[in-house]
Amino acid sequence: MAKGHWLMKSEPKVYSIEDLERDGEAPWTGVRNYEARNTMRDEMRKGDLVLFYHSSTTPPGVAGIARVSREAYPDFTAFDRDHPYFDPKSNPDAPRWHMVDVEFVERFPAVVTLQALRELEELEDMVLLNRMRLSVQPVRPEEFERIVELGRGTS
DNA sequence: GCCAACGTTGGC
DNA sequence: GCCAACGTTGGC
């Protein structure tokens with residue numbers, strides 16, 4: 001089975017690639033969208049590579065690479081009444097939300113901006129550019145490679 | 001801060 | 001099961 005490629009969004013004010021670099025590894029808490037959850041729960045496998053996207057910032061874009069380090073398990077922040085991601089409809093006996101852990105791989109010297117991605121014809125079918133609100137999404141291997149080249153400044 | 005896009009909820 | 005109202009995301 002070929003290695004999977006994904007893109008995951010985070011607001012850097014909440015959790016940035018710099019935070020992941022410092023921490024080394026982190027649980028991807030707080031996804032409260034079914035499609036994004038299903039992707040994490042059903043499709044993401046240990047070792048898969050992830051584009052780490054910074055959203056709601058200036059400029060938005062891909063900041064680096066992470067790797068799935070633990071496959072899906074219940075998002076415990078949903079059980080914690082005092083946590084901002086608390087969801088009363090989820091509980092440990094019937095967890096509604098799942099997440100993966102990711103580990104730091106690489107931070108790009110410069111963010112590959114959303115604007116730059118939009119300018120490339122070969123990326124026009126990217127889920128990112130067509131379903132702007134989906135926070136965990138698949139990326140084609142060739143799209144992934146192209147963005148990594150841009151991020152490393154090697155193209 | 002605005003607001004378009006769009007996912008979710010809940011009344012019926 | 002439809003769909004209007006509502007809430008959230010996320011670019012600008």
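Naming convention: chains lettered A, B, ... in sequence-line order (proteins, then strands); numbering from 1 in each chain.
Atom CZ in A:Arg131 sits about 9 Å away from atom C1' in B:dC6, given to the nearest Å. Between the P atom of C:dT9 and the CG atom of A:Leu134 lies a distance of 13 Å, rounded to the nearest Å. Atom-to-atom, CG of A:Leu129 to C1' of B:dC6 comes out at 17 Å; the value is rounded to the nearest Å.
In the set C:dG11, B:dT9, C:dT9, the nucleotide with an atom closest to the side chain of A:Tyr53 is C:dG11. Picking from B:dG7, B:dA5, C:dG10 the nucleotide with the shortest atom distance to the side chain of A:Asn33 gives B:dG7. The side chain of A:Ser55 has C:dG10 as its nearest neighbour among B:dG7, C:dG10, B:dC6. Checking B:dA5, C:dG10, B:dT8 against every side-chain atom of A:Tyr34, the shortest atom distance belongs to B:dT8. Ranking B:dG10, C:dG11, B:dA5 by closeness to the A:Pro60 side chain, first place goes to C:dG11. When distances run from any side-chain atom of A:Arg96 to the nucleotides B:dT9, C:dT8, B:dG7, the shortest one goes to B:dT9.
Within 6.0 Å of CD on A:Glu122 lie more than 12 heavy atoms contributed by other residues, nucleotides or ligands.
Here A:Arg32 does not reach the OP1 or OP2 of C:dT9: none of its side-chain N or O atoms lies under 4.0 Å away. At the phosphate of B:dG7, neither OP1 nor OP2 sits under 4.0 Å from any side-chain N or O atom of A:Arg37. Using a 4.0 Å cut-off, some side-chain N or O of A:Lys9 falls inside it from OP1 or OP2 of C:dG10.
A side-chain donor from one of A:Glu18 and A:Ser16 sits under 3.5 Å from a side-chain acceptor of the other. For the residue pair A:Thr77/A:Asp80, the side-chain donor-acceptor check at 3.5 Å is not satisfied.
The residue from A:Phe79, A:Tyr34, A:Tyr85, A:Phe76 that alone fulfils the side chain to side chain contact (heavy atoms under 4.5 Å, CB included) condition with A:Trp97 is A:Tyr34.
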